[in-house]
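Written below as structure tokens is the structure these notes are about.
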Amino acid sequence: MFNTRPFLALVLVASYASAAVLNFGANGLKKKAPGDVVTQCTVPGTVALTFDDGPYIWETDIVDSLNAAGAKGTFFVNGNNWACIYEDSMVSRLQYAYGAGHQIASHTWAHLHLPTLDAASLNTQFFLVEDAIHKITGAYPAFTRPPYGEYNQLVQDVAASRGQTLVNWDFDNGDTAGLSGAQSLDSYRARIADHPSTILTLNHEINPSTPQIVPEVIAQLQAAGYTLVTLAECLGEAPYQYVDEPQPRDSTWTCAV
């Protein structure tokens, strides 16, 4: 078996040295305020539908629903949580979402409680999934959602050093808090009735009820006049630090790290 530890150590050292470079996108413009925590969209009339904890078996269904309605979504993915990101089926799902123009962002490698970790462990949790997304799609993510929405100053500092903006939400559909699909849909209806200028949602693609209600959620949001865009679009920012070509599968495509 290929020993990934020396490779990982070398890349982590390189990531410290190149942190300033990673703060720039392909257009050469510095990304705004890495390390800050975003909790709402800033472009009026937009909604960012975001989906956590993938890639998972229903991701393609969600993408198809978004595509059918001319909507965009954002997928905050883990490396090794409900599934290994390097499994052939998960790679295909991630590439399908990315290829359809949806945003792929980081939810860290193993969905740990980040405030309990030291700087080295945080860098590992950030790097491993950033690297996986880059290998699979060719895009190096610029946004990270901390698991459970938890962060402290050290998490922010490490995120900043990696060119990452942290993202939480201002609406939770409750799909991991025990709400049924019908109850989650009612929560959406109540939020839409309030008609805020923007909505930054939290959904979980690993909950079977979520992909089932996505078509109706989209329909109701669009009927209320909202434009459904990626997280980056709802903030007026670039979704990735840089984009090049996907990499060929090799022995580093493993969750055994």
**Asked** With the threshold set at 4.0 Å, does a side-chain nitrogen-carboxylate oxygen contact exist between Asp88 and Arg249?
**Response** yes
**Request:** Decide whether a cation-pi geometry holds between Arg191 and Phe171; the criteria are a distance under 6.0 Å from NZ or CZ to the six-membered ring centre and an angle within 45° of the ring axis.
**Result:** no
**Request:** Please round to the nearest 0.5 Å and tell me the distance separating atom CG of Leu94 and atom NE2 of His102.
**Result:** 12.0 Å
**Asked** Is Asp170 reaching over with its side chain to a backbone N or O of Leu200, donor-acceptor style, under 3.5 angstrom?
**Response** yes
**CD/Gln153: more than 12 non-hydrogen atoms of other groups inside 6.0 Å** = yes
**Message:** How close do Val63 and Ala100 get, counting heavy atoms only, and between which atoms?
**Reply:** CG1-CB, 4.2 Å
**Prompt:** Only one of Asn78, Asp53, Asn80, Asn81 forms a side chain to side chain donor-acceptor pair (under 3.5 Å) with His111, so which one is it?
**Reply:** Asp53
**Message:** How close do Ser65 and Ile218 get, counting heavy atoms only, and between which atoms?
**Reply:** O-CD1, 3.8 Å
**Shortest non-hydrogen separation from Leu228 to Leu49 and the atoms involved** = CD2-CD1, 3.5 Å
**Request:** Mark yes or no for whether Gln164, through its side chain, and Phe143, through its backbone, hold a donor-acceptor pair below 3.5 Å.
**Result:** yes
**Asked** For residues His204 and Asn173, is any side-chain donor paired with an opposing acceptor at under 3.5 Å?
**Response** no
**Request:** May I ask you to decide if Ile136's main-chain N or O and Gln95's side chain share a donor-acceptor pair within less than 3.5 Å?
**Result:** yes
**Request:** Indicate if Val214 and Val229 have the same hydrophobic cluster label, given that clusters are the connected sets of ILVMFWY residues with side-chain heavy-atom separations under 4.5 angstrom.
**Result:** no
**Message:** Side chains of Tyr151 and Gln156: any donor to acceptor distance under 3.5 Å?
**Reply:** no
**Item:** Closest approach of Arg145 to Phe76 (non-hydrogen atoms, all atoms of both residues)
**Value:** CB-CD2, 3.4 Å
**Request:** For the residue pair Trp109 and Tyr86, categorise the inter-ring angle as parallel (less than 30°), tilted (30 to 60°) or perpendicular (more than 60°).
**Result:** tilted
**Prompt:** Taking Thr108 for the side chain and Gln125 for the main chain, is one N or O donor matched with an acceptor at less than 3.5 Å?
**Reply:** no
**Message:** I'd like to know whether CH2 of Trp82 has more than 12 heavy-atom contacts from other residues, nucleotides or ligands below 6.0 angstrom.
**Reply:** no
**Request:** Check whether any side-chain N or O of Glu205 sits under 3.5 Å from a backbone N or O of Ile62 as a donor-acceptor pair, and report yes or no.
**Result:** no
**Asked** Any donor and acceptor pair, going by atom type alone, linking the side chain of Tyr56 with main-chain N or O of Asn207 inside 3.5 Å?
**Response** no
**Request:** I would like to know whether Glu233 and Lys72 meet salt bridge (charged side-chain N to carboxylate O under 4.0 Å, His left out); could you show each step before the answer?
**Result:** CA-CA 9 Å; Glu233 289 171 323; Lys72 297 299 181 186; over 6 Å; no
**Prompt:** Does Thr201 use its side chain to pair, donor to acceptor, with the backbone of Ala48 at less than 3.5 Å?
**Reply:** yes
**Item:** Exam field: side chain Thr230 to backbone Gln103, donor-acceptor pair closer than 3.5 Å
**Value:** no
**Prompt:** Distance only, no hydrogens: is a donor on one side chain within 3.5 Å (strictly under) of an acceptor on the other, for Asp64 and Tyr96?
**Reply:** yes
**Asked** So, Asp175 versus Thr210: side-chain donor-acceptor pair below 3.5 Å or not?
**Response** yes
